[in-house]
Amino acid sequence: MAMSRRRRNMADARDSGNSRLAIIAGLIMIGIYAIQFVAARFSLREHLTATDLAALRFGGAGVVFLPIVWHGGFVSMRALGWRRALALAALAGLPYPLIINWGLTYAPAAHAAALCPASIVFFSFLLSRIVFNDGASRQRTIGVLAIVAGLSLFIAPARDGTGGVLFGDMLFIGSGLMFSAYAVLVRRWRADPVTATAAVVLLSCLPLPVLYFVAPSHIHAAATTEIISQIVIQGILAGAAAMFLYTYVVGQLGPQTASLFLPGIPIATVAVGMAVLGETPMTIQFAAIAIMAVGMGLSAIGGRIANRRLNAPAPGGS
């Protein structure tokens, strides 16, 4: 009995330690994404184009993932299938950051940080209902409605102002739809997350030489330090490290709990953007960010409640 209790205490301590590490990993992930949006906005205002940043992102991430795939002998890539890999790359590969970076040439970084994760949560909810017929708890439904309200409130000033900002906001929301479709396909095909991400990264590297010659580029005007910084931030950190961190958080805490970190991204990005770029959202947009953060939190909590009910033993069961 004493031995059993001791083992149970050791297991609880180990789980507690893993949970703490997962929380730290989630906070680091929030910081990476906040820095990514602000760094991209900074370079787009100065020298680099949307194409330049996308090339640096996948070039840096490719350096990380190529040895992993090469070590496995491309077995996992072949198991996924090239058609599926191409479909995933079309949704979350090269076009995805191009659209976000294109939007950042029109709208501030805080807009991207607020609208991208909020639209991902909304469209993931919608597509999961359509494709998998997933149920929705009351908390999750209220959370999604709050996200819709926050999205509408956030883009309201842009409708009355310059058309460019509204166009950028629409691009951010469109990118959320793309990534949600990618996530639905990964789930439908039961693709390994590391294999799927590696396939997206490596396939996105293939058209980069052609893109360099046909798309506008100002990379020659940027300083070497700026280029290296963007390779590290966009490629190694956002393109590779953040994915590994999120995978770790999902493995330790579960996907629904992991999604609780999403509301922290717009909050952190607003703080960094105000300090680095001098971009301060309007009061109404601060309110919209708070509403969307609450909505994302409720959606995640609602998903956990639904999973708990699904996994609960039936009454009278053994």
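- By the 4.5 Å heavy-atom criterion applied to side chains, Leu80 and Leu88 are counted as neighbours.
- In terms of heavy-atom proximity, Ile173 sits nearest to Phe123 at O-CE1, 3.7 Å.
- Taken to the nearest 0.5 Å, the CD1 atom of Ile100 stands 10.0 Å off from the CG atom of Leu171.
- Inter-residue side-chain proximity for Val165 and His111 is flagged as met; some heavy-atom pair is nearer than 4.5 Å.
- Contact of the Gln234 side chain with the Pro97 side chain is not registered, since no non-hydrogen atoms from C-beta on lie closer than 4.5 Å.
- Trp82 is connected to Leu206 through a chain of hydrophobic side-chain contacts under 4.5 Å among Ile, Leu, Val, Met, Phe, Trp and Tyr, so both are in one cluster.
- Note on Met292: it clusters hydrophobically with Ile265, by side-chain heavy-atom contacts below 4.5 Å among ILVMFWY residues.
- In this structure, CD in Glu279 is found 11.0 Å from OG1 in Thr269, a value given to the nearest 0.5 Å.
- For Phe179, the ring-ring contact (aromatic ring centres under 6.0 Å, His included) partners two or more places apart in sequence, or in a different chain, are Tyr96, Tyr182.
- A 4.5 Å side-chain heavy-atom check between Phe167 and Trp102 finds at least one atom pair inside the cut-off.
- Rounded to the nearest 0.5 Å, atoms CD1 (Ile231) and CG (Leu53) are 11.0 Å apart.
- Atom OH of residue Tyr106 and atom CG of residue Leu44 lie 11.5 Å apart, to the nearest 0.5 angstrom.
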Q: Apply the test side chain to side chain contact (heavy atoms under 4.5 Å, CB included) to residues Met170 and Leu166: give CA-CA distance (whole Å), side-chain angles for both, the deciding distance (0.1 Å), then the verdict.
A: CA-CA 6 Å; Met170 292 297 103; Leu166 180 60; 4.1 Å; yes

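- The two residues Ala107 and Phe172 come nearest to each other via the heavy atoms CB-CE1, 3.7 Å.
- At least one side-chain heavy atom of Ser217 sits under 4.5 Å from a side-chain heavy atom of Asp52.
- Ala34 approaches Val272 most closely through the heavy-atom pair CB-CG2, 4.5 Å.
- Both Val144 and Leu126 belong to a single network of hydrophobic side chains, linked directly or stepwise wherever heavy atoms of I, L, V, M, F, W or Y lie under 4.5 Å apart.
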Q: Applying side chain to side chain contact (heavy atoms under 4.5 Å, CB included), run through Phe125 and Ile147 and close with a yes or a no.
A: CA-CA 11 Å; Phe125 170 83; Ile147 290 170; over 6 Å; no

Q | side chain to side chain contact (heavy atoms under 4.5 Å, CB included) between Leu277 and Arg45, worked out | A | CA-CA 10 Å; Leu277 303 174; Arg45 292 199 317 187; 3.7 Å; yes

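- Nearest approach of Ser180 to Gly176, heavy atoms of both residues: OG-O, 2.7 Å.
- Considering only heavy atoms from C-beta on, Met178 comes within 4.5 Å of Pro95 through its side chain.
- Between atom CD1 of residue Ile120 and atom CG of residue Leu127 there is a gap of 11.5 Å, rounded to the nearest 0.5 Å.
- No single ILVMFWY cluster, assembled from side-chain heavy atoms under 4.5 Å apart, contains both Val38 and Ile236.
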Q: Determine, stepwise, if the pair Leu48 / Asn101 fulfils side chain to side chain contact (heavy atoms under 4.5 Å, CB included).
A: CA-CA 10 Å; Leu48 300 179; Asn101 293 335; over 6 Å; no

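- Put simply, CG on Leu208 and CZ on Arg57 are 12.0 Å apart, with the number rounded to the nearest 0.5 Å.
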Would you mind writing out the side-chain donor-acceptor pairs for residues 196-204 within the sub-3.5 Å range, not counting sequence neighbours?
residue: Thr197; atom: OG1; partner: Pro193; partner atom: O; Å: 2.7
residue: Ser204; atom: OG; partner: Leu94; partner atom: N; Å: 3.0
residue: Ser204; atom: OG; partner: Val200; partner atom: O; Å: 2.7

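- In this structure, the side chains of Phe154 and Ile289 come closer than 4.5 Å at one or more pairs of heavy atoms.
- In terms of heavy atoms, Ser43 sits closest to Gln230 at OG-NE2, 2.7 Å.
- For Phe132, the CZ atom counts as densely surrounded, since its 6.0 Å shell holds more than 12 non-hydrogen atoms of other residues, nucleotides or ligands.
- Transitive grouping of hydrophobic side chains (ILVMFWY, heavy atoms separated by less than 4.5 Å) keeps Phe42 and Ile228 in distinct clusters.
- Minimum heavy-atom separation, Pro108 to Arg41: CA-NE, 3.7 Å.
- A heavy-atom distance below 4.5 Å is not found between the side chains of Leu237 and Ile35.
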